[in-house]
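Below: the structure, in structure tokens.
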Amino acid sequence: MTQKKSGGATNVVRFDPQGPFKRDPLPPHQMRDRLTRTQDVFVQCHLGVPRIERDQWSLTIDGMVERPRTLRFDDLARYPTTEVTSAHQCCGSPLAPFEPTRRVCNVRWDGVRLADVLADCWPSPAAQYIWSYGADFGEFSGVVVDAYLKDLPITRVEANVLIAYEMNGRALLAEHGFPARLVVPGFYGTNSVKWLTRMTLAESRAPGPFTTRWYNDPVLNAGGEDSGKRVPVWSIAPESIIVAPAPGQTLKRDTRQELWGWAWADRGIHRVDVSVDGGATWTEAQVEPRAERAWQRFVLSWRATGPGEVVLCSRAHTVGGATQPEFGYRNAIHRVEVKVV
Ligand SMILES: Nc1nc2c(c(=O)[nH]1)N[C@H]1C(S)=C(S)[C@@H](COP(=O)(O)O)O[C@H]1N2
Ligand SMILES: [Mo]
């Protein structure tokens with residue numbers, strides 16, 4: 001049991017467990033399901049897992065609003081339910097931001113639209129950011145915080161940002177934010193604040209280590225050096241994974257093979273190229289159109305020539321022309337080595 005004073009009220013928050021807690025996703029070759037089963041969804045909790053009863057939960061909306069409000073869980077039922085299927089991805093450890101981790105899944109969220117709830121609070125037209133607070137607090141990497149605090153530009157709210165209470169048709173599990181969390185489809189998971197308790201509208205970005213110290217990427221100049229500029233880790237960059245064949249699989253030469261996988265990006269994917277020679281040459285795969293904000297399946301039929309080791313690669317492109325870097329970035333090209341006999 002840990003006592004905490006927040007927003008004038010003293011809340012008692014029980015953590016189980018206390019301190020960093022995570023669950024790893026399936027390896028890419030096991031991500032065969034279009035909708036990831038809840039038991040296979042990765043978990044990322046920096047400070048622990050707060051246990052909150054539904055009837056003890058509340059969400060306060062304040063800051064640059066004419067009508068600050070505090071909602072109880074039952075108040076959410078007054079808004080229309082909205083569902084969104086979206087690719088959900090952790091950008092990796094904030095201490096090792098460029099390591100490709102493939103911590104990704106594709107799930108269905110149910111909740112209410114933040115836009116509907118905010119409309120009742122009469123936001124000031126001058127508000128530019130929404131600060132979102134989780135009920136969790138404590139120490140991460142030597143820094144003590146009194147809440148997990150993230151922000152998002154207010155212009156993003158229209159893109160079906162949800163106050164979500166279900167994952168895959170069931171109440172959220174404690175580790176996924178029960179009873180209610182933010183879901184920002186198209187933004188990296190770090191922005192989707194779990195155990196959401198407070199939202200403050202403001203003119204500036206949120207203070208605190210999770211918005212100012214970590215989760216800000218250096219912008220590289222044409223030569224690949226740090227330009228000194230920083231960009232918040234918000235929008236999901238184009239990425240793709242090869243599901244089949246699996247690493248180490250043995251393929252028969254001169255037989256038709258199906259190479260398939262998933263691709264996703266905040267802006268959606270309009271083309272995926274595949275290489276069956278380690279990136280020397282590329283062929284356009286077939287990619288399905290995006291439904292809602294879900295990941296998109298791509299497939300290429302090819303004939304393996306061999307014998308020998310073959311490195312398969314996939315590279316996704318957004319509508320806007322962004323693509324995956326070769327190495328050294330969280331969305332670097334996925335490579336799978338197989339054997340042709
Ligand atoms: N309150 C709170 N929200 C949080 C976190 C956290 O530690 N505390 N972790 C974030 C990170 S880094 C990710 S990737 C997602 C993970 O969501 P999931 O565990 O439900 O998959 O939650 C985000 N929301
Ligand atoms: Mo994350």
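Along the sequence shown, residues are numbered consecutively beginning with 1. Just so we're clear, the structure is a prediction, and the values are computed from it rather than from any experiment. Whatever order the structure lists ligands and atoms in, that order sets their numbers, starting from 1.
Taking 4.5 Å as the limit, some side-chain heavy atom of Q89 sits within range of a side-chain heavy atom of E239.
The main-chain N or O of D151 is found under 3.5 Å from a side-chain atom of W234 such that the two form a donor-acceptor pair. In this structure, W282 contributes its side chain and G279 its backbone to a donor-acceptor pair below 3.5 Å. A donor-acceptor distance shorter than 3.5 angstrom exists from the side chain of R72 to the backbone of D55, with no hydrogens or angles considered.
Between F98 and Y329, the angle of the ring planes stays under 30°, which puts this pair in the parallel group of the 30/60° scheme. Between W295 and W262, the ring planes lie parallel to each other; the angle is under 30°, not in the 30° to 60° tilted range. Using the six-membered ring where Trp is involved, H88 and W109 have ring planes that are perpendicular, over 60° apart on the 30 and 60° scheme.
Close approach to C45 involves these atoms of ligand 1, each under 4.0 Å from a residue heavy atom: 7 (O). Close approach to V193 involves these atoms of ligand 1, each under 4.0 Å from a residue heavy atom: 1 (N), 3 (N), 24 (N). Applying the 4.0 Å criterion to heavy atoms of C90 picks out, from ligand 1, the atoms 14 (S). Counting atoms of ligand 1 from 1 in the listed order, those under 4.0 Å from a heavy atom of F42 are 14 (S), 16 (C), 18 (P), 19 (O), 21 (O). With ligand atoms numbered from 1 in the order given, ligand 1 contributes 1 (N), 2 (C), 6 (C), 7 (O), 8 (N) to contacts under 4.0 Å with heavy atoms of D136.
Protein heavy atom at the shortest distance from atom 9 (N) of ligand 1 is Q44 O, 3.1 Å. Atom 19 (O) of ligand 1 has as its closest protein heavy atom K194 NZ, 2.5 Å. Ranking protein heavy atoms by distance to atom 15 (C) of ligand 1, first place goes to G189 O, 3.4 Å. Among protein heavy atoms, atom 12 (S) of ligand 1 sits closest to H46 CE1, 3.3 Å. The single protein non-hydrogen atom nearest to atom 2 (C) of ligand 1 is Y148 CD2, 3.2 Å, given as residue, atom name and distance.
Residue contacts with ligand 1 include H88, since one or more of its heavy atoms lies under 4.0 Å from the ligand. Residue contacts with ligand 1 include Y215, since one of its heavy atoms falls under 4.0 Å from the ligand.
At a heavy-atom cutoff of 4.0 Å, ligand 1 is contacted by the backbone of S192 but not by its side chain. Only the side chain of R181 comes within contact range of ligand 1, with a heavy atom under 4.0 Å; no backbone atom does.
For the side chain to side chain donor-acceptor pair (under 3.5 Å) criterion with S240, the lone passing option out of H334, H317, Q324 is Q324.
Checked against a 3.5 angstrom limit, the closest N/O atoms of L47 and ligand 1 fall outside it. The shortest N or O to N or O distance between T190 and ligand 1 is not under 3.5 Å. Here's the thing with W195: none of its N/O atoms is less than 3.5 angstrom from an N/O atom of ligand 1.
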task: With ring pair (Phe, Tyr, Trp, His ring centres under 6.0 Å) as the test, would you mind laying out the steps for Y188 and Y215 before giving the verdict?
output: CA-CA 10 Å; Y188 284 103; Y215 297 109; 9.2 Å; no

field: Worked check of side chain to side chain contact (heavy atoms under 4.5 Å, CB included) between R315 and E326
entry: CA-CA 9 Å; R315 187 169 66 186; E326 281 218 48; 6.0 Å; no

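Both I130 and L196 are members of a single hydrophobic cluster when ILVMFWY side chains are connected at heavy-atom separations under 4.5 Å.
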